[in-house]
Amino acid sequence: MKKVDVLLGLQWGDEGKGKIVDVLSPKYDLIARFQGGPNAGHTLEFEGKKFVLNTIPSGIFNPKTMNLIGNGVVIDPIILKRELDNLKKAGHDPVADGKLVIARKAHLILPTHQMLDAANEAKMGKNKIGSTLKGIGPTYMDKTGRNGLRVGDTTLPDFKERYEKLVEKHNEILSHFDFDYDLKEKEAAFFEAIEFLKTIPHVDSEHFVNKYLSEGKNVLAEGAQGTLLDVDFGSYPFVTSSNTTTAGACTGLGVAPNNIGEVFGIFKAYCTRVGGGPFPTELNDEVGENLRQIGHEFGATTGRSRRCGWIDLPALKYAIMLNGVTELIMMKADVLDGFDDIYVCTHYEYDGKTIDYMPYDIISIEPKPVLKKVEGWKTNVTKITAVDQIPEKLKSYISYLETELKVPIKYLSVGPDRAQTLILS
Ligand code: GDP
Ligand code: IMO
Ligand code: MG
C-alpha cells in the first residue's frame with residue numbers, strides 16, 4: 001500500500017504551491033485538492049504561458065496525471081466552469097481528456113453564500129476578515145450546520161427544491177442586513193454551471209484515493225491557503241474556514257492518518273499575507289514595498305496587494321510541528337537577490353518576555369519580532385540551474401534555516417517558471 005504525500009503552505013498562503021505541484025506532478029499518478037475552494041489562486045508558468053487555477057488541481061498540465069477535487073473542497077460551479085472554459089480556449093481540456101474527477105461529497109457554493117460573505121464583511125467594517133468574497137465561510141458553515149448541498153445532490157430529482165429551501169434560509173438571514181442583492185442573473189448562471197458540473201465524473205474520493213494507494217500508485221494531496229490560515233490553528237478569527245494542515249488531507253480526501261507519507265512544507269524566503277489580521281514581521285516601509293514590487297506580491301485571485309515582511313521562524317516552527325513536515329521547499333529566493341541585508345525573525349518580544357513560539361493571543365498583545373541580520377548574496381539567481389552555482393551566502397542562508405527548522409530544504413525556487421527550480425539534496 002502506498003501512502004499519500006502532502007504539499008501545503010507553511011505561511012499565510014500564496015507560497016507557490018501551484019508551481020511546485022506542477023513541477024512534482026510527473027512523479028504522481030493522482031493530484032488531489034483536499035480543502036478550500038476558489039479563494040485559492042495557484043499560479044503555474046511554463047513555456048512562456050501562465051495559468052491561475054482556483055479549484056482545479058495543479059496536476060492538469062501533466063499528460064499522465066489524474067486530478068481529483070476532493071470532498072473537503074467547496075466548489076463554486078460558476079467559477080469551475082469558467083476555469084475549464086478558459087483552459088479549453090488555451091488548448092487544455094482535462095474533462096474531455098478524462099483527467100478530472102470531482103468528489104460527490106464536496107459541498108456547493110451557492111450565489112447566496114457569496115452574498116452572505118459580502119454582507120458579513122460589509123457589516124464588520126474595519127474589523128473585517130478581508131475574505132476573498134467567494135462565499136467560503138458561509139458554505140463551510142452550512143456544511144457543519146448540516147444544511148449544505150453537495151455535488152452528489154445535483155443528480156437528485158428534487159435538487160431544485162433542496163436549493164430553494166436553502167436559498168430561502170439565506171434570504172431570511174440576508175433580510176437582517178442592510179445589503180442589496182439581485183439573484184436572478186447569478187442563479188441562471190448557477191443552474192447552467194450545474195448542468196456542466198454533471199458532465200464531469202463524480203466519484204467517492206475516499207474509495208477513489210484508497211484504490212490508487214492499494215494499486216501501488218503515487219498520490220499527492222495539494223493544499224490551499226496556508227497553515228497560519230487554518231481554522232483551528234491559524235490567527236483566528238483572521239483565518240479561512242477549513243483545516244489547511246495535514247490533518248485536512250485526511251478528512252478532505254478520506255485518507256487514514258497512517259497512510260500519510262512525505263509532507264512537503266512550502267514557504268517563501270520572506271513572508272506575505274493578504275487580507276486582515278496580525279502579521280508580526282510585517283514591514284510597513286520602503287523595504288516592504290520593495291518586496292511587494294520585486295516579488296509581484298499582488299493576489300492571484302483578487303488582485304489585492306499582499307502585505308510583506310521578513311521570514312518568521314517561530315511561525316514556521318509552529319507550522320512544521322502541526323503538519324509533520326518531512327521536507328521543506330523554499331520559494332522566491334530570487335526576490336531577495338538585490339538586498340544588502342536580509343532579516344530573519346528568530347523570537348518574539350511578547351508581554352515582557354522573549355519567546356520562540358506562537359502564543360495564543362497575537363491580536364490584543366502584538367508580538368514584536370526579534371530580528372537577526374543575514375548578509376545578502378547580491379547575485380542574480382534566476383538563471384542558475386545547478387546546486388554548485390548557488391552563491392555561498394545563499395547557501396549559508398539555506399543551511400542556517402535548516403539548522404533552525406530541523407528539516408532539510410529539498411527544493412529551491414528561483415523564479416516563477418517551472419524550469420526555475422533546483423533540487424538541493
Ligand atoms: P500559491 O497560491 O501558493 O500557488 O501561490 P500564488 O500563485 O498565489 O503566488 C505565488 C506567486 O509567486 C505566483 O505569481 C508565482 O508565479 C510566483 N512564483 C512562484 N515561485 C516563484 C519564485 O521562485 N520566484 C518568483 N519571483 N516568483 C515565484
Ligand atoms: P492560496 O491557496 C492567501 C485569506 C483571505 C482572508 C482569509 C479568509 O492561493 O494560497 P476566505 O475567502 O477564505 O474566507 O478568506 O484568508 N485567503 C488567502 N490568502 N492565499 C490564499 O489561497 C487564500 N485564501 C484565503 O485573504 O484573509
Ligand atoms: Mg495563491
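We count ligands from 1, going down the list as the structure has it; atoms in each ligand are counted the same way. It should be emphasised that the depicted structure is a prediction, and the values quoted were computed from it without experimental measurement. Hydrogens, waters and symmetry mates are skipped; everything else that's a heavy atom, side chains included, is used.
Inspection of the Tyr270 and Gln11 side chains reveals no N or O donor paired with an N or O acceptor under 3.5 Å. A donor-acceptor contact closer than 3.5 angstrom links the side chains of Ser413 and Lys19. Judged purely by distance below 3.5 Å, without hydrogens or angles, the side chains of Asn323 and Tyr318 never pair a donor atom with an acceptor atom. Of the N and O atoms on the side chains of Asn218 and Lys2, at least one donor lies less than 3.5 Å from an acceptor on the other residue. No hydrogens or angles considered: nothing links the side chains of Thr281 and Asp312 as a donor-acceptor pair under 3.5 Å. Judged by distance alone, the side chains of Asp230 and Thr227 never bring a donor and an acceptor atom under 3.5 Å apart. For Gln225 and Asn39, the side-chain atoms include at least one donor-acceptor pair closer than 3.5 Å.
For ligand 1, the polar-atom distance check against Gly415 finds a nitrogen or oxygen pair separated by under 3.5 Å. Backbone and side-chain nitrogen or oxygen atoms of Val335 are examined, and none is located within less than 3.5 angstrom of a nitrogen or oxygen of ligand 1. The N/O atoms of Thr132, backbone and side chain alike, include one that comes under 3.5 Å of an N/O atom in ligand 2. At under 3.5 Å, a nitrogen or oxygen of Gly41, whether backbone or side chain, sits near a nitrogen or oxygen of ligand 2.
The Val274 neighbourhood of ligand 2 comprises atoms 3 (C), 5 (C), 19 (N), 26 (O), 27 (O), with distances under 4.0 Å to a heavy atom of that residue. Counting the atoms of ligand 2 from 1 in the order shown, those under 4.0 Å from a heavy atom of Ala224 are 2 (O). For ligand 2, the atoms lying closer than 4.0 Å to a non-hydrogen atom of Trp12 are 3 (C), 19 (N). Interface atoms of ligand 2 facing Ala40, defined by a heavy-atom separation under 4.0 Å, are 1 (P), 2 (O), 9 (O), 22 (O). The atoms of ligand 2 that sit less than 4.0 Å from any heavy atom of Gly130 are 5 (C), 6 (C), 26 (O), 27 (O). Every atom of ligand 1 with a heavy atom of Gly18 under 4.0 Å away is listed here by number and element: 4 (O). Within ligand 2, counting atoms from 1 as listed, the ones closer than 4.0 Å to a heavy atom of Lys17 are 1 (P), 2 (O), 10 (O). Within the listing of ligand 1, atoms 20 (N) sit less than 4.0 angstrom from a heavy atom of Lys19. Each of the following atoms of ligand 2 lies closer than 4.0 Å to a heavy atom of Leu229: 4 (C), 16 (O), 17 (N), 18 (C), 19 (N). Atoms of ligand 1 lying under 4.0 Å from any heavy atom of Ser413, numbered from 1 in the order shown and given with element: 20 (N), 21 (C), 22 (C), 23 (O).
When all heavy atoms are compared, the tightest approach of Leu401 to Leu313 is CD2-CD2, 3.8 Å.
The cationic group of Lys123 lies under 6.0 Å from the six-membered ring centre of Phe177 and within 45° of the ring axis, placing it in a cation-pi geometry. With Tyr28 as the aromatic partner, Lys217 does not meet the cation-pi criteria of under 6.0 angstrom to the ring centre and within 45 degrees of the ring axis.
The distance between the ring centers of His42 and Phe51 does not fall below 6.0 angstrom. Remark: aromatic rings of Phe61 and Phe46 are close, center separation under 6.0 Å.
From the protein, the heavy atom lying nearest to atom 25 (C) of ligand 2 is Gln225 CG, 3.7 Å. Closest to atom 10 (C) of ligand 1, if we only count protein heavy atoms, is Asp14 O, 3.7 Å. The protein heavy-atom contact nearest to atom 24 (N) of ligand 1 is Asp334 OD1, 2.7 Å. Scanning the protein for heavy atoms near atom 2 (O) of ligand 1, the closest one is Gly41 O, 2.8 Å. Protein heavy atom closest to atom 15 (C) of ligand 1, with residue, atom name and distance, is Thr43 CB, 3.9 Å. The protein atom (non-hydrogen) at minimum distance from atom 20 (N) of ligand 2 is Asp14 OD1, 3.1 Å. Ranking protein heavy atoms by distance to atom 15 (O) of ligand 2, first place goes to Ser131 CA, 3.3 Å. For atom 13 (O) of ligand 2, the closest non-hydrogen atom of the protein is Thr240 OG1, 2.6 Å. Looking only at protein heavy atoms, the nearest one to atom 27 (N) of ligand 1 is Lys332 CE, 3.3 Å.
Ligand 1 lies less than 4.0 angstrom from a heavy atom belonging to Arg306. Residue contact check for ligand 1: Gly13 places no non-hydrogen atom closer than 4.0 Å to it. Look at Gly9 and you'll find every heavy atom at least 4.0 Å from all atoms of ligand 2. Taking a 4.0 Å cut-off on heavy atoms, Met331 registers as neighbouring ligand 1.
Using a 4.0 Å cut-off between heavy atoms, Arg273 makes no contact with ligand 2 at all. Only the backbone of Val414 comes within contact range of ligand 1, with a heavy atom under 4.0 Å; no side-chain atom does. Contacts with ligand 1 closer than 4.0 Å are made by side-chain heavy atoms of Glu45 only, the backbone lying farther away. Both the backbone and the side chain of Asn39 come within contact range of ligand 2, each with a heavy atom under 4.0 Å. Contacts of Val239 with ligand 2, taken as heavy-atom pairs under 4.0 Å, involve the backbone alone.
For the pair Asp85 and Lys81, the salt-bridge criterion is met [side-chain N within less than 4.0 Å of a carboxylate O]. Classification of Asp76 and Lys134 as a salt-bridged pair fails, no side-chain N sitting under 4.0 Å from a carboxylate O. The existence of a salt bridge linking Lys410 and Glu402 is excluded, since no basic side-chain nitrogen approaches an acidic carboxylate oxygen closer than 4.0 Å.
Once rounded to the nearest 0.5 Å, the distance linking CD1 of Ile129 with CD of Glu121 reads 6.0 Å.
A side chain to side chain contact (heavy atoms under 4.5 Å, CB included) with Phe264 holds for exactly one of Leu10, Thr326, Leu24, Val21; it is Leu24. No option in Arg306, Arg307, Lys368, Arg292 other than Arg307 meets the salt bridge (Lys or Arg N to Asp or Glu O under 4.0 Å) test with Glu282.
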- Run the side chain to side chain donor-acceptor pair (under 3.5 Å) check on Glu392 and Tyr397 step by step: do they pass? CA-CA 9 Å; Glu392 282 309 316; Tyr397 185 50; over 6 Å; no
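The option from Arg304, Gln11, His42 that lies nearest to atom 2 (O) of ligand 2, judged by heavy atoms, is His42.
Around the Mg ion (ligand 3), the angle linking Gly41 (O) with Asp14 (OD1) is 170°, rounded to 10 degrees.
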